Structure formats: C-alpha cells, structure tokens
Amino acid sequence: MPGGQPLYRGMRYFTDTSRVLLAAVVLLGHLGCKQDGTEAEQPAPVETSPPTSVTSNVDGAIGAFGLQPFVKSVESDKSGEFNITYEWALTRKREKDFRVFVHFTDEEGKILFQNDHDPDPSTSQWEPGKIQQGPYLVYIPEGLSGDVMVRMGLYQSEQLDVGVSARDQLDGKDDGELRIIVGHLAIADGNAAFKPVK
C-alpha cells in the first residue's frame, strides 16, 4: 500500500493488493456504499407477521409435530348420550386430509365406543391457531358405567404402502399406538363427566 497508510482508521496495514481490494469492498458494503463510492439504495423494510401464539386448555406447549387434540367440553343433559366438542391446537399445517378418530376405551386401550368423523373444514384447510370441531352427539352403550379413557388421532382412509402408518403423528400423551390420551369420562347413570389428562 502506498505510503503504508491504512484504508480506514483502525484497519490493519496490507501489502497484498488483492487483500486490500477485498477489504475495501467489504468496508464499503458495511458503510452502505456501492463499489464506486456512491450510496447504495437501502432495501425496503420487510413486513413480518407476528409469531402465532397457541394456547391450550392444558399445561404445556405444542411440540415438534405441530398439532395436538383436546376435548373442549362435554355436556350431558340426557341419560345415555352427551355432546362433545373438540379443539385442535395447530402450529404446523397439514398438506393432506385426514379423518378424525376418537376412541372411548378401557384402561388397556380396548375400544368401547367411538366418534370417528370427517372434520369440517378438512385438515388441509386448517390454519395455525385453534380449530374447534363440534359439538357431536355421542351415544353411551347401554349398561356402561365407570371410567372411560378418551383417545384421539388422525388417520388416512385411503390404501397406503405396506409398512406405512395411516395415522398422523401428533403432540400430547401418546399411548404407543399414535393415539393421544386427552382425558377421561366418568360415566354413571347414563351421564358423562369429563376430566382432562394431567
């Protein structure tokens, strides 16, 4: 460098021309200048959406799979039946359409009765946030009483390749069969009272 002077206060001395040019280009970029010394146009500010905040009716955040089912409410006004409303907390969209399965089971996971249904709108149309579904009218099998577990999930009804699970992976308390345990129903005298899973 001629005279051994630095290009910029605080810059180290360079003798290699290519290193000097490289340092100048980097410096001009940092100063908001073009290589010819004129001021570079500043990029327009980019508008960003605030992050989606999802809350649920149980403790804990939505996990890696980006979708968790809950029971929002159970209303039992008539013996032998109840109305149930579901809520899904979504942080990651689904590209495919799934059916919802709801298994009311014993402690071992054996299905006692079900409430499978096609969600409306379909799962591929769900947007991040809370998606409420229902209420759905469910009939209690005659003579059934005691504690019933509620397990939920999503599955594809079309034929899949051998070894490919038809069920979607969801967040929550998985029972090992890609079913999320969302709570319990206490059934007595044909009425149902719901308690969410802890």
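FYI, side chains are in, hydrogens and waters are out, and symmetry mates aren't considered; it's all heavy atoms of this structure. The model shown is predicted, which means the values in this text are computed figures rather than measured ones. Position 1 is the first residue of the sequence; numbering continues from there.
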With V102 as reference, evaluate I111, V138, N115 under the side chain to side chain contact (heavy atoms under 4.5 Å, CB included) test and give the passing residue.
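Going through I111, V138, N115 one by one, the side chain to side chain contact (heavy atoms under 4.5 Å, CB included) with V102 is satisfied by N115 alone.
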Do [X] and [Y] make a side-chain contact, defined as non-hydrogen atoms from C-beta onward lying under 4.5 Å apart?
X: P121; Y: Q133; answer: yes
X: T105; Y: V148; answer: no
X: I131; Y: E87; answer: no
X: D116; Y: V100; answer: no
X: L178; Y: D168; answer: no
X: M152; Y: F101; answer: no

Residues two or more places apart in sequence or in another chain: which of them pass side chain to side chain contact (heavy atoms under 4.5 Å, CB included) with T85?
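Checked T85 against side chain to side chain contact (heavy atoms under 4.5 Å, CB included); matches are K72, S73, Q132, P135.
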Just checking Y136: does its OH atom have more than 12 heavy atoms from other residues, nucleotides or ligands closer to it than 6.0 angstrom?
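Yes.
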Return the NZ to NE2 distance between K110 and H103, rounded to the nearest 0.5 Å.
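Result: 14.0 Å between the selected atoms.
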Taking side chain to side chain donor-acceptor pair (under 3.5 Å) as the definition, give me every residue that meets it alongside [X], ordered by chain and number, with sequence neighbours left out.
X: T123; value: none
X: E177; value: none
X: N83; value: none
X: D106; value: none

May I have the step-by-step check of side chain to side chain contact (heavy atoms under 4.5 Å, CB included) for I140 and E81, ending in yes or no?
CA-CA 5 Å; I140 301 170; E81 63 187 50; 5.8 Å; no
Would you please name every residue forming a salt bridge (Lys or Arg N to Asp or Glu O under 4.0 Å) with R99, sequence neighbours left out?
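For R99, the residues satisfying salt bridge (Lys or Arg N to Asp or Glu O under 4.0 Å) (neighbours in sequence not counted) are D118.
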Could I get the full list of salt bridge (Lys or Arg N to Asp or Glu O under 4.0 Å) partners for E127, not counting sequence neighbours?
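For E127 the salt bridge (Lys or Arg N to Asp or Glu O under 4.0 Å) partners, ignoring immediate neighbours, are K93.
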Spell out, yes or no, whether Y155 and L170 are grouped together once hydrophobic residues are joined by side-chain heavy atoms under 4.5 Å, including indirect joins.
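No, it is not one cluster - the side chains of Y155 and L170 are not joined through contacts under 4.5 Å.
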How far apart are the C-alpha atoms of T91 and L67, what are their side-chain angles, what is the distance that settles it, and do they pass the side chain to side chain contact (heavy atoms under 4.5 Å, CB included) test?
CA-CA 6 Å; T91 58; L67 183 59; over 6 Å; no
Between the main-chain N or O of F65 and the side-chain N or O of D171, is there a donor-acceptor pair closer than 3.5 Å?
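Checked: pair present.
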Is a donor from one side chain sitting under 3.5 angstrom from an acceptor on the other, for R94 and S124?
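Note: R94 and S124 side chains miss the donor-acceptor criterion.
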Where W126 and P119 come nearest, the two heavy atoms and their spacing
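Heavy-atom minimum between the residues: CZ2-CB, 3.7 Å.
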For F104, what residues pass the ring-ring contact (aromatic ring centres under 6.0 Å, His included) criterion, not counting sequence neighbours?
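In terms of ring-ring contact (aromatic ring centres under 6.0 Å, His included), with neighbours along the sequence ignored, F104 is linked to F82, F113.
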Residues 180-197 side chain polar contacts: donor-acceptor under 3.5 Å, at least two apart:
residue : atom : partner : partner atom : Å
H184    : ND1  : D147    : OD2          : 3.0
N191    : OD1  : S76     : OG           : 3.2

On the six-membered ring of F98, is R167 placed so that its NZ or CZ lies under 6.0 angstrom from the centre and within 45° of the ring axis?
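Ring-cation test returns no.
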Between the side chains of R179 and D174, is the shortest nitrogen-to-carboxylate-oxygen separation below 4.0 Å, so that they form an ion pair?
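No, no charged N to carboxylate O under 4.0 Å.
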